[in-house]
Amino acid sequence: MSHEHVSYLELLARGAATEAYDRPALLARASGAGPQELAGLEEAKVLALRVRAELEGRRRREAELSALIETAHDLAGLRDLDAVLRAIVQRARSLLGTEVAYLSLNDPVAGDTYMRVTEGSVSARFQQVRLGMGEGLGGLVAQTARPYVTDDYFQDERFQHTRTIDTAVRDEGLVAILGVPLSLGSQVIGVLFAADRRARVFEREQVALLCSLAAHAAVAIDTANLLAETRSALAELERANDIIREHSGVIERASEVHDRLSELVLHGGGVHDVAEAVSEVLGGTVEFTEAHAGSARRAEGHAVREGDDWVAAVSAGGEPLGALVLHGRPELDPVDQRTLERAALVTSLLLLARRSAGEAEQRVRGELLDDLLDAPDRDRRLLRERAARLRTDSTAPHVVLAARVDRAGGAADTDTGRRESADRRRLGAAASHLAATRHGLASARDGGTVLLLPLGPGESAADLARQTARHLGDTLREPVTVGASAPVGAPLDRPDEVGPAYEEARRCLDALRLLHRTGQGAAAEDLGFLGLLLADSRDIDGFVERTVGQVVAYDRRRGTDLVRTLDAYFASGMSPARTKEELHVHVNTVAQRLERVGRLLGPDWQSPARALEIQLALRLHALAGAVPGT
């Protein structure tokens with residue numbers, strides 16, 4: 001075997017490019033080889049290229065078969081439909097070597113098809129487009145149940161072009177598109193696409209591969225639907241069994257609840273212990289609430305049904321204290337009704353026994369917090385002694401929180417004052433209980449409640465505000481809005497900082513209500529640019545860092561132009577096609593940069609709220625860079 005023939009084998013062994021196979025003949029011709037030897041080399045070259053093409057084909061088929069096997073494995077362990085569909089779209093993009101792949105599903109109610117999963121897309125408009133049946137290439141595939149391929153979308157007249165679809169495709173910069181149907185039997189449920197931002201020809205084998213992946217996607221959707229139906233049927237059977245067991249154990253439960261309630265009273269149990277014990281016995285959810293006090297009082301000691309709930313009054317000496325409310329048992333037999341009424345009587349006794357002690361502690365906690373707010377120049381040693389008696393942690397950082405009840409709708413004018421007074425009383429009681437359990441302080445103030453609570457390990461002011469809003473809202477069964485200050489270190493050592501912190505918390509509370517975010521909790525750091533206007537610190541650098549810091553840092557480390565690309569993207573109306581004109585780069589470069597931005601800032605960075613925050617942060621970052629010495 002000649003040296004040149006060995007060279008072809010070496011080229012095959014290392015998978016050299018096609019152009020490399022011309023080199024042996026060129027070297028032989030340069031060294032003066034004769035016509036016969038050159039003809040032999042040309043024949044060997046043809047054979048080597050044929051072997052190379054066969055090897056490449058086999059490697060490609062192995063990769064495709066491996067991807068189909070992996071997809072089948074994903075289906076066998078199906079847990080999350082979205083994860084399986086994303087994997088299928090990612091494999092379609094990888095195997096066909098396209099820049100974009102996406103999957104749409106038909107909406108039988110709206111009569112169109114919508115985007116479900118996209119991979120490689122950077123245009124928000126494209127990701128949200130909907131196609132009517134027969135409109136665009138995808139609508140034609142969904143209507144005819146046949147694959148369609150176009151080498152140049154905008155020059156193809158086989159399908160109906162619409163302004164909405166063409167604008168979205170042009171915004172994404174797509175040119176060549178292949179779409180295949182997702183079919184269950186004779187029914188088309190969606191379309192799987194592979195697309196490029198340049199003209200290209202899709203081969204028959206690539207169409208067949210995408211059809212195979214589409215078949216797997218259709219099976220995944222069908223499997224998920226069957227699993228949902230099975231779970232629903234099992235849940236119905238389980239509910240039927242629960243009803244049978246419930247009716248067979250009525251008398252046994254009555255005896256059990258008598259023993260449990262007696263034990264709770266003897267061992268100093270609380271109202272929530274009673275509710276939990278009765279919940280277990282009756283098989284529903286029992287809670288104590290003051291919201292039903294008026295209607296429960298009219299029942300004269302009997303449990304009454306209100307909608308799907310049962311309500312038993314809790315009163316003492318004719319004064320309504322609230323009610324026990326049973327959820328989840330719309331049908332209640334007479335024995336279980338008496339069980340609920342007995343639990344209400346036990347609850348009233350426990351409330352009376354603890355009311356005096358609770359009112360005294362609440363008053364003391366409120367007085368200490370009032371002194372911190374109104375008289376911060378008092379003797380700090382005495383303040384710390386009073387806090388120690390209340391088991392308040394005086395060394396940890398604290399947060400001041402302002403809370404108000406925000407009811408949905410409204411009451412009649414004649415009832416407004418009485419309703420607001422009841423809300424303040426109930427909120428004050430719930431806040432005082434929370435302050436006692438968290439070793440903090442609480443007091444009624446300015447038509448609402450103010451709390452001073454310590455921060456837990458790793459907890460932020462925003463975390464504490466959200467937890468407090470959720471806890472108070474669940475307790476009152478009404479939306480409670482909570483604004484938080486920045487942390488105050490050791491407030492008993494710095495009592496003069498408590499008052500300003502309360503004013504900051506109130507401004508944050510007012511902002512939440514103006515933003516229609518009632519029932520939520522937040523600190524200034526949660527409110528983005530608006531937080532800068534509320535907080536005393538005006539932490540502009542912190543806002544920029546939280547919003548676009550990762551992009552700025554990436555540019556600094558890698559020498560990239562992500563910040564400049566973002567500026568141009570927003571200035572161009574969030575259109576990649578117009579952005580590339582502004583930057584004088586290829587649309588693929590814009591797409592790659594925006595894809596990197598998405599990985600740094602998160603998938604929702606193009607949503608209206610996030611986009612506004614990002615643009616403000618970019619403007620502030622640019623202004624800071626323009627200031628000498630910054």
Side-chain angles (χ1 to χ4, degrees), residues 269-276 279 285-293 321-325 327 347 351 354 358-359 361-362 365-366 369 390-393 396-408 420 422-488 491 501-502 505-506 508-509 511-513 517-527:
V271 172
H272 295 291
D273 297 318
V274 172
E276 183 178 351
S279 296
T285 302
V286 176
E287 65 170 346
F288 173 76
T289 175
E290 297 179 3
H292 292 74
L321 303 178
L324 287 185
V325 182
H327 306 287
T347 300
L351 288 174
R354 288 168 175 75
E359 288 178 348
E361 182 175 342
Q362 179 178 341
R365 287 182 183 275
L369 182 52
L390 292 169
R391 299 181 299 281
T392 298
D393 185 356
H398 283 57
V399 171
V400 178
L401 304 114
R404 286 185 68 103
V405 175
D406 285 297
R407 286 175 176 266
E420 291 180 350
D423 284 345
R424 286 195 296 270
R425 187 182 70 254
R426 294 168 55 232
L427 178 61
S432 295
H433 177 74
L434 176 61
T437 58
R438 290 281 307 229
H439 304 293
L441 303 174
S443 178
R445 203 171 189 89
D446 298 320
T449 295
V450 56
L451 300 96
L452 180 66
L453 300 181
L455 283 173
E459 193 175 45
S460 68
D463 295 334
L464 185 55
R466 286 190 287 270
Q467 293 172 19
T468 303
R470 184 166 55 249
H471 177 89
L472 295 178
D474 290 345
T475 301
L476 272 63
R477 295 181 65 81
E478 297 283 358
V480 176
T481 310
V482 177
S485 72
V488 177
Y502 172 57
R506 285 189 62 193
C508 188
L509 170 64
L512 287 173
R513 301 175 77 189
R517 289 176 57 180
T518 57
Q520 299 182 28
E525 64 189 56
D526 279 329
L527 302 180

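As a basis for the values below, the full set of heavy atoms in this structure was taken, side chains included, without hydrogen atoms, waters or symmetry mates.
Listed by chain and residue number, Glu504 satisfy the side-chain contact (heavy atoms from CB on, under 4.5 Å) test with Ala486 (two or more places apart in sequence, or in another chain). Among residues two or more places apart in sequence or in another chain, the side-chain contact (heavy atoms from CB on, under 4.5 Å) test is passed with His433 by Thr437.
Remark: Arg404 CZ to Leu427 CG distance equals 9.5 Å, nearest 0.5 Å. Distance NE2/His471 to CZ/Arg438: 10.0 Å, rounded to 0.5 Å. Taken to the nearest 0.5 Å, the NE2 atom of His398 stands 10.0 Å off from the CG atom of Leu464.
Closest heavy-atom contact between Gly483 and Ala505: O-CB, 3.4 Å. Minimum interatomic distance between Ala469 and Gly521 (heavy atoms only, all atoms of both residues): CB-N, 3.6 Å. Of all non-hydrogen atoms in Ala461 and Leu455, the two that sit nearest each other are N-CD2, 4.0 Å. Annotation for Thr481 and Thr518: closest pair OG1-CA, 3.3 Å, computed over non-hydrogen atoms. Pairing each heavy atom of Ala403 with each of Leu472, the nearest pair is CB-CD1, 4.2 Å. The two residues Ala484 and Ala465 come nearest to each other via the heavy atoms CB-CB, 3.7 Å.
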Run the side-chain donor-acceptor check on residues 446-453: report pairs under 3.5 Å with partners two or more places apart or on a different chain.
unit_1 : atom_1 : unit_2 : atom_2 : d
Asp446 : OD2    : Tyr502 : OH     : 2.6
Asp446 : OD2    : Arg506 : NH1    : 3.2

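One N or O on the side chain of Arg426 and one on the backbone of Leu476 form a donor-acceptor pair closer than 3.5 Å.
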